[in-house]
**Student:** 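Mind looking over this structure? Questions follow.
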Amino acid sequence: MVIFNSRDKSYKSIVSALATDEKCKFRLIIPRDMRCSSATLAIAKEDCDTVYYGMFWAGMYGDSHEVWELHFSATTEGLYFYHFELDTPWGRSFVKNVGSGIGELNIDADEFQQTVYDKNFKTPDFLKGGIIYQIFPDRFYKSKQKKKNVPSTRVMREWGEEPFWAEEQMNGIWNNDYFGGDLKGIEEKLPYIKDLGVNCIYLNPIFEAHSNHRYDTADYEKIDSLLGDESDLKHLCRVAKEEYGISIILDGVFSHTGCDSKYFNIYNRYDSIGAYNSKESPYYSWYKFIDYPDDYRSWWGIKLLPEIIEEDENYREYICGKNGILRKWLRCGISGWRLDVADELPDVFLDDLRCAVKEENEDAIIIGEVWEDATNKFAYNERRRYLLGRQLDSVMNYPFADAILNFVRFENAGYFFDQIMSIIENYPPQVLNVLMNHIGTHDTERAITRLAGPDNDGRDREWQHNHNTLTSYDYLKGISMMKMASLIQFTLPGVPSIYYGDEIGMQGMKDPFNRACMTWDNQNTELLKWYKRLGEIRNGFGVFVDGEFVPVYCDNSSIAYERRDDNEAVLVAINNSDDEAYICVGDEWNNSYCHFDFECKNGIITLPPRRYTLLSVKFNN
């Protein structure tokens with residue numbers, strides 16, 4: 001019996017962030033022989049004084065424990081930290097967080113965190129219960145549409161060749177090789193994407209830029225000529241939505257531009273007067289020059305990417321104004337934005353951005369790139385407030401990705417549940433339901449490579465090139481591991497995001513190897529069939545929209561958990577060990593529907609090594 005557990009509703013009635021004015025019951029279960037005479041909740045909003053709330057004695061718990069309770073609510077959003085204090089004949093004792101939400105008598109342990117968000121905070125409904133498909137546009141599919149106005153400096157490659165990775169291949173110009181994937185190509189493959197159960201496509205940058213990744217924006221007002229034009233985007237958005245029920249979101253890169261852009265114009269490519277050309281440029285105030293014009297602040301010191309001063313009023317008006325960039329593309333039919341390096345965008349910019357997006361389309365989504373727990377992220381000398389109701393709707397869920405991949409590769413069940421429950425405990429539920437749950441992106445190695453390949457941490461590109469292809473044995477092992485990882489990914493709270501090609505077993509180390517052309521003529525059909533089945537299951541149950549996550553079983557390498565609401569429940573059980581596992585889940589699952597091979601008998605699921613199952617039940621209400 002523990003004194004307190006912030007992840008157990010027996011102790012804390014709401015295991016998540018709280019809305020302002022929402023009441024939450026806190027309960028302590030204290031050994032009777034401590035002779036506690038008073039119990040107090042000590043809670044402080046960050047940077048404010050601690051407030052003490054007396055708890056009341058609520059009766060006995062068995063013969064040897066007693067219960068102390070109180071109801072707590074907060075009137076203002078923010079990050080709160082708390083512990084409990086007990087008065088006994090032996091002095092004052094402190095109940096603090098010793099890890100995994102467990103409260104014990106330890107004055108040196110951590111405080112508990114309580115996120116409080118604005119009670120009016122609402123996230124878009126269209127993404128809840130859905131599936132995202134991420135596309136790196138140059139490498140997905142190349143239509144036969146003729147390319148117009150393509151700069152002659154670009155190196156065009158044959159589809160399927162390995163991306164350039166060595167400096168001598170690039171003649172000193174990095175990321176200048178292109179394969180010609182385009183918007184019309186994406187439109188042609190909408191039936192394929194729909195067959196995966198997808199309802200949202202996230203596109204890496206599509207605006208005019210002079211690198212194949214297009215994170216060095218040259219003109220926010222134009223589609224890059226290799227991809228098509230504005231009419232192609234409008235048509236893609238319309239056809240995707242009306243014929244396939246698929247929404248399109250774009251990548252917004254607002255922390256920096258390219259030096260080769262109409263705004264900076266270091267190479268005089270553009271007729272505009274860029275900030276580099278003259279201090280009289282309308283864009284001069286956007287950038288921070290140290291010694292004009294050649295010494296300027298750039299993103300991570302990369303001189304090709306001059307950093308933007310997002311606080312600049314002119315820049316904010318250009319991006320967030322009534323006729324700004326955000327609204328322009330929303331009016332073309334997109335359904336939201338993914339924000340590159342959102343943790344490098346200041347609050348004043350994010351505040352303006354949300355106002356602009358939501359005024360234009362209340363149901364548009366705003367997803368930020370934040371690699372850590374976004375509720376307690378500390379960046380640029382201040383605590384960030386992304387998820388309190390006035391900035392982001394969602395983030396790219398790297399903590400879930402790490403939890404999934406580390407469990408499948410290293411078999412640490414306890415770590416898996418601790419990571420999952422930490423996010424569930426800290427995030428607003430409406431954010432949790434639209435989290436972008438990926439297991440690989442354009443910034444990481446391919447999921448199958450991370451699961452079954454050698455560790456590439458600290459390895460250079462030459463080493464990665466030499467180890468970019470798995471052995472036949474490791475590849476087959478990787479397919480099995482991908483099934484396990486994707487099963488978890490598709491059944492956790494949030495929205496699974498498939499990085500193009502992962503569903504057909506594409507391999508790849510880090511950039512640029514993870515950005516190879518989609519291998520349409522070389523698909524692992526076993527894995528593709530599996531992903532389609534997961535899509536059918538996910539789209540077949542309302543519990544994946546906002547159902548509660550309930551840990552059921554954890555023992556070394558085996559896990560089981562439920563997603564449940566008032567109408568139905570789904571249970572996932574996984575044995576990630578080399579031995580047979582007997583997973584106790586309870587008799588209620590004895591007559592459940594089995595979607596894979598292994599049923600529940602007498603409250604126990606027996607799983608062979610490295611196997612899994614998914615069960616479901618409907619409730620008679």
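This is a predicted model, so every value here is computed, not measured.
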**Student:** Within 45 degrees of the axis of the six-membered ring of Tyr244 and under 6.0 Å from its centre: does Lys194 put its NZ or CZ there?
**Tutor:** no

**Student:** For Gly228 versus Asp232, what's the shortest heavy-atom pair and its separation?
**Tutor:** CA-OD2, 3.2 Å

**Student:** Stepwise, does the salt bridge (charged side-chain N to carboxylate O under 4.0 Å, His left out) test hold for Arg238 with Glu242?
**Tutor:** CA-CA 6 Å; Arg238 183 179 61 79; Glu242 293 180 3; 3.6 Å; yes

**Student:** Checking the side chain of Gln464 only, and the main-chain atoms of Lys510 only, is there a donor and an acceptor separated by less than 3.5 Å?
**Tutor:** yes

**Student:** For a side chain to side chain donor-acceptor pair (under 3.5 Å) with Asn212, tell me which candidate from Asp138, Asp224, Asp177 qualifies.
**Tutor:** Asp177

**Student:** Can you give me the closest heavy-atom contact between Arg383 and Phe81, atom names plus distance?
**Tutor:** NH2-CZ, 4.0 Å

**Student:** Passes side-chain hydrogen bond (donor to acceptor under 3.5 Å, both in side chains), Gln507 versus Asn468? Steps please.
**Tutor:** CA-CA 7 Å; Gln507 309 173 51; Asn468 195 46; over 6 Å; no

**Student:** Relative to the ring of Phe140, is the ring of Tyr133 parallel (under 30°), tilted (30 to 60°) or perpendicular (over 60°)?
**Tutor:** perpendicular

**Student:** For Phe126, is the NZ or CZ atom of Lys241 found under 6.0 angstrom from the centre of its six-membered ring and inside 45 degrees of the ring axis?
**Tutor:** yes

**Student:** Output, in order, the C-alpha distance, side-chain angles, deciding distance and verdict of side-chain hydrogen bond (donor to acceptor under 3.5 Å, both in side chains) for Tyr318 and Glu221.
**Tutor:** CA-CA 10 Å; Tyr318 179 74; Glu221 300 175 42; 2.7 Å; yes

**Student:** May I ask you to establish whether Lys234 and Trp329 are in a cation-pi arrangement, using a distance under 6.0 Å from NZ or CZ to the six-membered ring centre and at most 45° from the ring axis?
**Tutor:** no

**Student:** Could you walk me through whether Leu183 and Leu203 pass side-chain contact (heavy atoms from CB on, under 4.5 Å), step by step?
**Tutor:** CA-CA 10 Å; Leu183 297 179; Leu203 298 178; 4.3 Å; yes

**Student:** Write down the atom of Ile439, the atom of Ala447, and the distance for their closest heavy-atom approach.
**Tutor:** O-CB, 3.6 Å

**Student:** Has Arg384 got a side-chain atom pairing as donor or acceptor with Asp343's backbone, closer than 3.5 angstrom?
**Tutor:** yes

**Student:** Hey, can you tell me if Tyr263 and Tyr283 have their rings parallel, tilted or perpendicular (30° and 60° cut-offs)?
**Tutor:** perpendicular

**Student:** Kindly give the heavy-atom pair with the smallest separation between Lys184 and Ser143, and that separation in Å.
**Tutor:** CB-OG, 3.5 Å

**Student:** Considering non-hydrogen atoms only, spot the tightest contact between Trp165 and Glu462 and give its length.
**Tutor:** CZ3-CA, 3.5 Å

**Student:** Would you call the rings of His467 and Trp463 parallel, tilted or perpendicular if under 30° counts as parallel and over 60° as perpendicular?
**Tutor:** parallel

**Student:** What residue among Leu227, Val253, Asn204, Ile206 forms side-chain contact (heavy atoms from CB on, under 4.5 Å) with Arg214?
**Tutor:** Leu227

**Student:** State yes or no: are the ring centers of Tyr215 and Phe207 separated by less than 6.0 Å?
**Tutor:** no

**Student:** Within the side chain of Lys328, is there an N or O that forms a donor-acceptor pair under 3.5 Å with the backbone of Tyr220?
**Tutor:** no

**Student:** Would you kindly check if the NZ (Lys) or CZ (Arg) of Arg446 is within the cone defined by 45 degrees around the ring axis of Tyr500 and under 6.0 Å from the six-membered ring centre?
**Tutor:** yes

**Student:** Are there more than 12 heavy atoms of other residues, nucleotides or ligands under 6.0 Å from atom CD of Glu311?
**Tutor:** yes

**Student:** Without swapping roles, check the side chain of Thr449 against the backbone of Gly508 for a donor-acceptor pair under 3.5 Å.
**Tutor:** yes

**Student:** Ignoring hydrogens and geometry, is there a side-chain-to-backbone donor-acceptor pair from Glu307 to Ser255 under 3.5 Å?
**Tutor:** no

**Student:** Looking at Ser247 and Ser335, would you say the former's side chain and the latter's main chain have a donor-acceptor pair under 3.5 Å?
**Tutor:** no

**Student:** Work out which heavy atom in Lys279 is nearest to a heavy atom in Tyr292; give both atom names and the distance.
**Tutor:** N-OH, 3.5 Å

**Student:** Using the side chain to side chain donor-acceptor pair (under 3.5 Å) definition, which of the options Asp260, Asn265, Asp294 pairs with Tyr276?
**Tutor:** Asp294

**Student:** Does any N or O in the side chain of Asp402 come within less than 3.5 Å of the main-chain N or O of Pro399, such that one atom is a donor and the other an acceptor?
**Tutor:** no

**Student:** Which word best sums up how the rings of Tyr499 and His442 line up, parallel for under 30°, tilted for 30 to 60°, or perpendicular for over 60°?
**Tutor:** tilted

**Student:** Verify, without hydrogens or angle tests, whether Tyr315 (side chain) and Phe254 (backbone) share a donor-acceptor contact under 3.5 angstrom.
**Tutor:** yes

**Student:** Under a 3.5 Å distance rule, please check whether Asp251 uses its side chain to pair with a backbone N or O of Trp337 as donor and acceptor.
**Tutor:** no

**Student:** Here's one to test your reading of the geometry: is the NZ or CZ of Lys303 within 45 degrees of the ring axis of Tyr296 and under 6.0 Å from its centre?
**Tutor:** yes

**Student:** Is it the case that the side chain of Glu360 and the backbone of Val357 share a donor-acceptor pair, with hydrogens and angles ignored and the cut-off at 3.5 Å?
**Tutor:** no

**Student:** For the residue pair Phe513 and His465, does the interplanar ring angle fall in the parallel (under 30°), tilted (30 to 60°) or perpendicular (over 60°) class?
**Tutor:** tilted

**Student:** If you take the centroid of each ring, where Trp contributes its six-membered ring, are Tyr192 and Trp520 closer together than 6.0 Å?
**Tutor:** yes

**Student:** Give a yes-or-no answer on whether the side chains of Asp443 and Thr441 include a donor-acceptor pair shorter than 3.5 Å.
**Tutor:** no

**Student:** Validate the cation-pi geometry between Arg154 and Tyr178: distance from NZ or CZ to the six-membered ring centre under 6.0 Å, angle to the ring axis within 45°.
**Tutor:** yes

